There are 2 protein chains.
Amino acid sequence: MRDDIRRNMPLFSMGIVTKLTELTPRQVRYYEQQGLIKPARSKGKQRLFSFNDVDRLLHIKSLMEKGINIAGVKEVLSGREPETLSRSAPRPEKAERPNLSDADLHKLLKRQLSELSARPNQSHLIRGELSRFFH
Amino acid sequence: MRDDIRRNMPLFSMGIVTKLTELTPRQVRYYEQQGLIKPARSKGKQRLFSFNDVDRLLHIKSLMEKGINIAGVKEVLSGREPETLSRSAPRPEKAERPNLSDADLHKLLKRQLSELSARPNQSHLIRGELSRFFH
DNA sequence: CTTTTTATGTTATTTTTTCTAACACTCATT
DNA sequence: AATGAGTGTTAGAAAAAATAACATAAAAAG
């Protein structure tokens, strides 16, 4: 219950997050832009990430290493709140440009998940290591 | 056992630490200069604090709010490693300017501890709040 | 009761880090 | 061939943090 508070507490700078996740700043910002994370901001507009943010980024990374694209990741991560975009009910309106139906997404996910054959998926150590902080 | 790794992992910037502890940067740097903490450094020489560092700072703060001075805090915290100064055995040599004998320190501590009468000692909330991260 | 020392505030200047925005490129899809 | 997705790279501006110096109130020492 009180867990939420400390898991959502803004603690980490960009530099630390890139070290923890081995993502580039570019990637992190892009994922934010896509609504996958919503890090807090300092007074001067610098990003401040929480444990949840880092957890989420590691999850995103692992999914994308499997070849899943942003749309797919979005779908997988829905339910876990970056509340500003996934506002209210499970599906607000599918609106917007991408214009993918649920069926489309499902097909896409299945296709992409089935091709988890190749790809070396490294740096598991990190995900394992950091996740010990919470949970 | 593996706890040490994550408790000593360099994670927090100065800005975050000052928020967590409600110490000023000046104070944090001074305490470092006095050998009470040994935060890691980034490539560009910026301080990176671990959970242990923050814990330690909160402890220092609480002691000083009771009127204990740096020498006293040093004594109280000895045993908990800022390894570079407290190298090897419990007492390397007392050398240097301060030149305090153990008896002196004991006297000093007793005197200062006995005057914990007044002083409002606020912000206990924070110490309680953060310590839930580990332990 | 002066003099010193402690712990901290303040200010100035320089480095480091981060930000946004733009443009480029690769690869997959159309 | 054209398009779009994800990321790299670069440039310039802004924020955060570093060091260092000087200032000072309160406590300690003499």
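Only this structure's heavy atoms are used, side chains among them; waters, hydrogens and symmetry mates stay out. All chains are named by letter (A, B, ...) in the order of the sequence lines, taking the proteins before the strands, and each is independently numbered beginning at 1. What you see is a predicted model, and the numbers here were worked out from it, not measured in a lab.
B:Asn69 has its CG atom 21 Å from the P atom of D:dA25, to the nearest Å. Distance, B:Arg29 CZ to C:dT11 P: 15 Å, rounded to whole Å. The separation between A:Met64 atom CE and C:dC27 atom P is 16 Å, rounded to whole Å. At whole-Å resolution of the value, CD in B:Glu22 and P in C:dT8 are 15 Å apart. Separating the NZ atom of B:Lys43 from the P atom of D:dA17 is a distance of 19 Å, rounded to the nearest angstrom. Straight-line distance from the CD atom of B:Gln27 to the C1' atom of C:dG9: 10 Å, rounded to whole Å. Here C:dT6 presents its P atom at 21 Å from CD of B:Glu65, a figure rounded to the nearest Å. The distance from atom NZ of A:Lys45 to atom C1' of C:dC19 is 12 Å, rounded to the nearest whole Å.
Between B:Arg41 and the phosphate of D:dT19, there is a side-chain N or O to OP1/OP2 separation shorter than 4.0 Å. For C:dT8, one of the phosphate oxygens OP1 or OP2 lies less than 4.0 angstrom from a side-chain nitrogen or oxygen of B:Tyr31. Checking the phosphate oxygens (OP1, OP2) of C:dT16, no side-chain nitrogen or oxygen of B:Ser42 falls inside 4.0 Å. OP1 or OP2 of C:dT17 has not a single side-chain nitrogen or oxygen of A:Ser13 nearer than 4.0 Å. Taking side-chain N and O atoms only, B:Tyr30 has a distance below 4.0 Å to OP1 or OP2 of C:dA7.
At the heavy-atom level, A:Arg47 lies under 4.0 Å from the strands shown only through sugar-phosphate atoms. Residue contacts for B:Gln46: at a heavy-atom cut-off of 4.0 Å it reaches a base atom on one of the strands shown.
Here CG of B:Asn69 is found 9.5 Å from NZ of B:Lys74. Values are rounded to the nearest 0.5 Å.
Minimum interatomic distance between A:Val28 and A:Ile37 (heavy atoms only, all atoms of both residues): O-CD1, 3.8 Å. For the residue pair B:Thr18 and B:Thr24, the shortest heavy atom distance occurs at CG2-C, 4.1 Å.
Each of A:Thr18 and A:Arg26 has a nearest nucleotide on DNA chain C; the 5'-most of these lies closest to A:Thr18.
Here B:Arg41 pairs with B:Glu32 in a salt bridge; the nearest charged N to carboxylate O distance falls below 4.0 Å.
Taking every side-chain heavy atom of A:Met14 into account, C:dT18 is the closest of C:dT18, D:dG6, C:dA7.
Classification of the B:Phe12-A:Phe12 ring pair by plane angle, with boundaries at 30° and 60°, yields parallel.
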